**Student:** 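I have a structure I would like to understand better, so I am pasting it below and will then ask my questions one at a time.
Below, chain A is the first sequence line, B the second, and so on; all start at residue 1. Keep in mind that this is a model prediction, so the values were computed, not measured.
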Number of protein chains: 2
Amino acid sequence: MVMDELDTALLRILQNDARRTNREMAAELGIAPSTCLERIRGLRERGVISGYHAAVDLQAIDRSTQAIISIKLRPQAMAKATAFQDYVVRLPQTLDMFMVSGGSDFLAHVAVKDTQALRDLVLDLAKRQEIADIRSSVVFEHHHRTTVLPL
Amino acid sequence: MVMDELDTALLRILQNDARRTNREMAAELGIAPSTCLERIRGLRERGVISGYHAAVDLQAIDRSTQAIISIKLRPQAMAKATAFQDYVVRLPQTLDMFMVSGGSDFLAHVAVKDTQALRDLVLDLAKRQEIADIRSSVVFEHHHRTTVLPL
DNA sequence: CTGGCCAACCGAACGACGTTCGGCAGATCT
DNA sequence: AGATCTGCCGAACGTCGTTCGGTTGGCCAG
């Protein structure tokens with residue numbers, strides 16, 4: 001996949017602020033607005049940029065408590081792993097869902113109102129028959145990197 | 001914190017597509033563009049919306065291999081936890097860094113080119129003196145929810 | 001060496017957009 | 001009931017996104 005340093009610079013800008021105006025970026029990079037627009041459209045069409053999203057502060061919407069829930073399925077239930085995954089992803093509390101190797105099969109990153117709500121969520125999840133083991137870790141701090149530049 | 005259903009609707013829209021035009025959103029919600037602009041400015045000023053970010057496809061930038069690295073620090077090194085955390089967050093491979101309770105102290109969500117690069121990263125991390133235990137899980141699938149609506 | 005070809009970039013022009021501001025309506029309090 | 005304040009509206013202005021024709025520079029074939 002082609003990816004010169006102009007594309008990279010645009011990626012870096014748009015990851016920091018997806019609402020930067022086209023003209024601003026063009027001026028900053030020393031290219032014409034029309035060129036800039038074409039490059040960005042190319043990035044979208046090639047799928048390099050998959051979307052633009054507003055980041056919402058979890059505290060502001062009363063979801064200050066985060067946790068990582070590690071889940072191991074019963075070996076006999078692994079066939080239903082996809083269905084289980086879909087279920088968890090669709091839970092409104094879920095922020096991320098990882099299917100992983102190692103000691104657990106899934107890690108669910110969730111955000112809820114408080115520890116009580118976390119308790120309720122875990123107890124609710126534990127009802128599912130396919131689960132062999134479930135353990136939760138409270139997240140004290142979470143840092144997310146929005147800028148993912150090529151290595 | 002005040003948060004009526006108009007703010008909520010705007011949040012939902014902007015989380016799905018941060019580049020929607022102000023007029024479009026206003027029309028969709030049946031309000032004037034000026035009103036819409038004012039509400040969004042309010043959300044930003046109150047910190048409900050912390051930013052707008054372009055989402056980049058990791059495969060497109062040759063970072064298709066993801067992992068969760070669980071790290072436990074030596075008890076004597078826990079005082080340096082913040083410094084260690086900063087170090088990992090600044091690694092270009094790091095996507096997320098969680099400080100958690102439970103069996104591990106930190107979970108690092110990383111994206112690298114291939115398993116070889118993952119091996120290098122883990123071996124490099126393991127050199128740090130404050131680490132008592134480190135174990136990595138390959139991420140087979142990762143689903144991220146961009147829309148975080150109030151519960 | 002030269003001619004032709006193709007891709008990328010530019011600049012102008014037009015329609016659409018963001019943003020501001022004055023005014024208005026509804027609610028609240030005295 | 002009158003005053004006050006908050007939130008919303010609609011018009012107007014300057015800016016922006018987007019398109020398109022023309023130009024340049026690099027590359028390959030003859």
**Student:** Just compare D:dC9, C:dT19, C:dC9 and give me whichever is closest to any side-chain atom of B:P33.
**Tutor:**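 Closest nucleotide among those given: C:dT19.
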**Student:** Do B:D96 and A:H142 have a side chain donor and acceptor closer than 3.5 Å?
**Tutor:**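 Distance-only check passes for B:D96 and A:H142.
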**Student:** Show the numbers, then the answer: is there a salt bridge (Lys or Arg N to Asp or Glu O under 4.0 Å) between B:D4 and B:R39?
**Tutor:** CA-CA 11 Å; B:D4 62 6; B:R39 296 299 278 258; 2.3 Å; yes
**Student:** Side chain of A:N22 only, please: which of C:dG11, D:dT18, C:dC17 is the nearest?
**Tutor:**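 Output: D:dT18.
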**Student:** Counting just side-chain N and O atoms, does A:S34 come under 4.0 Å of either OP1 or OP2 of C:dC10?
**Tutor:**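 No.
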**Student:** According to the interplanar angle, ranging from 0 to 90°, do the rings of A:H109 and B:F98 count as parallel (below 30°), tilted (30 to 60°) or perpendicular (above 60°)?
**Tutor:**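 Correct class here is perpendicular.
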**Student:** Whole-Å distance between C:dC9 C1' and A:I40 CD1?
**Tutor:**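 These atoms are roughly 15 Å apart.
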**Student:** Where each residue is assigned the nucleotide of DNA chain D containing its nearest heavy atom, which of A:R20 and A:E38 is assigned the position nearer the 5′ end?
**Tutor:**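 Here A:R20 is the residue nearer the 5' end.
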**Student:** In this structure, how many angstroms lie between the C1' atom of C:dA16 and the CG atom of A:L37, rounded?
**Tutor:**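 After rounding, the gap between these two atoms is 14 Å.
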**Student:** Without decimals, in angstroms, what is the distance between B:Y52 OH and C:dG18 P?
**Tutor:**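 After rounding, the gap between these two atoms is 12 Å.
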**Student:** According to a strict under-4.0 Å criterion, is A:R39 in side-chain N/O contact with OP1 or OP2 of C:dC9?
**Tutor:**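 Yes, such a contact exists.
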**Student:** What integer distance in Å separates A:D7:CG from C:dA7:C1'?
**Tutor:**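 A:D7 atom CG is separated from C:dA7 atom C1' by 15 Å.
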**Student:** For the pair B:M99 and B:D105, evaluate side-chain contact (heavy atoms from CB on, under 4.5 Å) and give the outcome as yes or no after the intermediate values.
**Tutor:** CA-CA 6 Å; B:M99 180 176 174; B:D105 295 322; 5.9 Å; no
**Student:** With respect to the phosphate group of C:dG18, does any side-chain polar atom (N or O) of B:R41 fall under 4.0 Å of OP1 or OP2?
**Tutor:**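 For C:dG18, neither OP1 nor OP2 has a side-chain N or O of B:R41 closer than 4.0 Å.
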**Student:** How close or far is atom P of D:dC9 from atom CD1 of B:I31, stated in whole angstroms?
**Tutor:**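 So the CD1-P distance, B:I31 to D:dC9, works out to 6 Å.
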**Student:** Between P on C:dC17 and CZ on A:R23, what's the gap in Å once rounded to a whole number?
**Tutor:**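 Atom CZ in A:R23 sits about 15 Å away from atom P in C:dC17.
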**Student:** By nearest heavy atom, map B:R19 and B:D4 onto DNA chain D; which one lands nearer the 5' end?
**Tutor:**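 Taking each residue's closest nucleotide, the earlier one in sequence belongs to B:D4.
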**Student:** Can you check the A:L6 CG to C:dA7 P distance for me, whole Å?
**Tutor:**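 Checked: the CG to P distance equals 19 Å.
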